[in-house]
A.B. asks: 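Here's a structure for you.
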Amino acid sequence: MNSNTINERKDMRPPSSQEQEINLLELVKKVWDSRKLILRMCGIGAVAGLVIGFSTPKEYIASTLIAPESRRAYPGKSALVDMEDDNLSSSITGEKDAIFPVLYPEIINSTPFLIRLFDIKVHEQKDSVLIPLSQYLKERQKAPWWRIVTSAPFKLTGWIVSLFQDESNEDSGQAGTKTGINPFRLTRKEAGMAGAIASRINIGVDKKKRTITIFVTMQDPLVAATVADTVRVYLKEYITEYRTGKARKFLKYTKELRKEAQEEYYSAQEKYTRYADVNRGLVKLASRAELVRLRNEMKLAQTTYNQTEQLVQAAMARVEKIRPVYAVIQPVVVPLKPSKPRTMTILVMYVFLSGAGSLVWVLFAKGFLADLKKRRVADG
């Protein structure tokens with residue numbers, strides 16, 4: 001066995017505990033020798049964290065907690081609903097409910113739902129003037145200074161491009177809604193506003209507890225509370241409109257049938273009474289037969305009218321039975337403290353990142369670059 005093989009085996013042996021202690025002492029010595037650099041970098045990180053923390057606008061989160069209740073029972077009408085339930089359920093609710101609570105976030109982020117929020121009236125705590133939510137987000141929302149600086153080139157580019165665009169094309173699709181906005185064809189500004197509103201609304205669904213929490217983040221606490229409560233109301237209206245849609249159509253249809261049956265009954269009643277008054281005291285068989293026929297027609301029309309009346313009452317009870325009810329467990333409260341920014345968290349994070357970065361430089365990057373420079377000098 002030659003000496004080279006022995007040296008290779010020695011190199012393959014794991015380092016001893018003494019060698020490990022020496023390496024650890026060397027690392028500690030490097031850190032100690034560079035302590036001023038590390039402390040300086042941590043100080044710079046602390047200053048940067050404070051600047052970012054105090055430059056970030058305050059934001060407030062308003063929330064509300066609701067829970068869907070089970071179907072309601074109505075005394076006096078429940079038996080009627082149950083009696084007609086088998087017949088009505090096939091015609092009214094032939095399909096299962098397609099909207100589950102897990103889809104509520106998608107509903108809130110849908111374009112028609114967001115468009116409804118454009119014109120809700122809000123006002124800040126320091127100002128009593130009511131303005132639309134879209135105007136508030138456009139004019140009253142503050143942005144940190146670095147975002148203004150970074151977005152300036154894009155805004156300049158967009159302004160230059162807008163000079164060469166036909167403004168009539170932007171407004172050509174605005175028709176068909178109360179707000180003058182066409183959900184099928186939004187302009188860039190409308191789409192941007194919808195995205196801005198969607199980014200500030202969040203909804204959480206707890207499947208186990210069967211609860212729904214709506215969160216709204218705004219830079220003004222009163223605006224956040226107002227929007228959160230409005231979103232709750234609009235969401236309830238949307239779900240109610242969907243779940244009772246078929247039942248309300250059926251109710252409208254039964255009311256039309258009742259109206260027709262009522263007109264036929266009144267007409268038959270009028271014919272019978274008029275004929276009976278004119279032919280009072282007559283004993284002719286033809287007169288008696290006609291009188292019996294008119295009476296039967298009146299009774300038949302009355303029976304049909306009574307049946308349609310019962311059907312209307314059952315349809316009305318059905319609408320109320322399937323109407324969703326949401327119990328407000330925690331109503332909206334105007335937040336007192338801002339949730340963002342967390343200055344201390346930002347400060348600690350920047351100090352940690354600065355210290356970690358300086359340690360990586362001292363222990364690894366600095367030596368690696370020095371060795372790389374020596375190799376280049378040696379090769380040159």
A.B. asks: Any side-chain to backbone donor/acceptor pair from R35 onto W32? Under 3.5 Å, distance only.
C.D. replies: yes

A.B. asks: Just how far is it from atom CG of L251 to atom CD of Q313, taken to the nearest 0.5 Å?
C.D. replies: 9.5 Å

A.B. asks: To the nearest 0.5 angstrom, please state how far the CD1 atom of I197 sits from the CG atom of N109.
C.D. replies: 11.0 Å

A.B. asks: Is it true that E320 and R323 have a side-chain N and a carboxylate O under 4.0 angstrom from each other?
C.D. replies: yes

A.B. asks: For K249, is the NZ atom crowded, meaning more than 12 foreign heavy atoms sit under 6.0 Å from it?
C.D. replies: no

A.B. asks: Considering non-hydrogen atoms only, spot the tightest contact between V223 and Y136 and give its length.
C.D. replies: CG1-CE2, 3.7 Å

A.B. asks: Check whether NZ of the Lys or CZ of the Arg R116 lies under 6.0 Å from the centre of the six-membered ring of Y234 and within 45 degrees of that ring's axis.
C.D. replies: yes

A.B. asks: Working to the nearest 0.5 angstrom, can you tell me the gap between L133 CG and L137 CG?
C.D. replies: 4.5 Å

A.B. asks: Can you tell me if T308 uses its side chain to pair, donor with acceptor, with the backbone of L257 under 3.5 Å?
C.D. replies: no

A.B. asks: Which pair of heavy atoms, one from A224 and one from Y60, lies closest together, and at what distance?
C.D. replies: CB-O, 3.9 Å

A.B. asks: Name all pairs fulfilling the side-chain hydrogen bond (donor to acceptor under 3.5 Å, both in side chains) condition that reach into residues 215-231, sequence neighbours left out, sorted by first residue then second.
C.D. replies: D229-R232

A.B. asks: Sub-3.5 Å donor-acceptor pair from the side chain of S110 to the main-chain atoms of I107, do we have one?
C.D. replies: yes

A.B. asks: Hey, can you pull the donor-acceptor pairs under 3.5 Å for the side chains in residues 350-360, sequence neighbours left out?
C.D. replies:
{"residue": "S354", "atom": "OG", "partner": "Y350", "partner atom": "O", "Å": "2.8"}
{"residue": "S358", "atom": "OG", "partner": "S354", "partner atom": "O", "Å": "3.2"}
{"residue": "S358", "atom": "OG", "partner": "G355", "partner atom": "O", "Å": "2.7"}

A.B. asks: How would you list all residue pairs meeting salt bridge (charged side-chain N to carboxylate O under 4.0 Å, His left out) that involve residues 196-206, not counting sequence neighbours?
C.D. replies: E59-R200

A.B. asks: Ignoring hydrogens, what is the shortest heavy-atom contact between A315 and F250? Give both atom names and the distance.
C.D. replies: CB-CD2, 4.0 Å

A.B. asks: R140 and side chain to side chain donor-acceptor pair (under 3.5 Å): which partner among E124, Q135, H123?
C.D. replies: E124

A.B. asks: According to the salt bridge (charged side-chain N to carboxylate O under 4.0 Å, His left out) rule, which pairs have a member within residues 260-276, sequence neighbours left out?
C.D. replies: E270-R274

A.B. asks: Quick check against the 3.5 Å criterion: does T187 have a side-chain atom that pairs as donor or acceptor with the backbone of E190?
C.D. replies: yes

A.B. asks: Please enumerate all residues that pass side-chain contact (heavy atoms from CB on, under 4.5 Å) together with V348, with sequence neighbours excluded.
C.D. replies: none

A.B. asks: Where is the tightest heavy-atom contact between P105 and V205, given as atom of each residue plus distance?
C.D. replies: CD-CG2, 4.5 Å

A.B. asks: Rounded to the nearest 0.5 Å, how far apart are CG of L39 and CD1 of I44?
C.D. replies: 11.5 Å

A.B. asks: Considering only residues two or more places apart or on different chains, which pairs with a residue in residues 304-317 satisfy salt bridge (charged side-chain N to carboxylate O under 4.0 Å, His left out)?
C.D. replies: R258-E309

A.B. asks: If you define the side chain from C-beta out and look only at heavy atoms, does anything of I201 sit under 4.5 Å from F215?
C.D. replies: no

A.B. asks: From Y326 OH over to K236 NZ, what is the distance, rounded to the nearest 0.5 angstrom?
C.D. replies: 9.0 Å

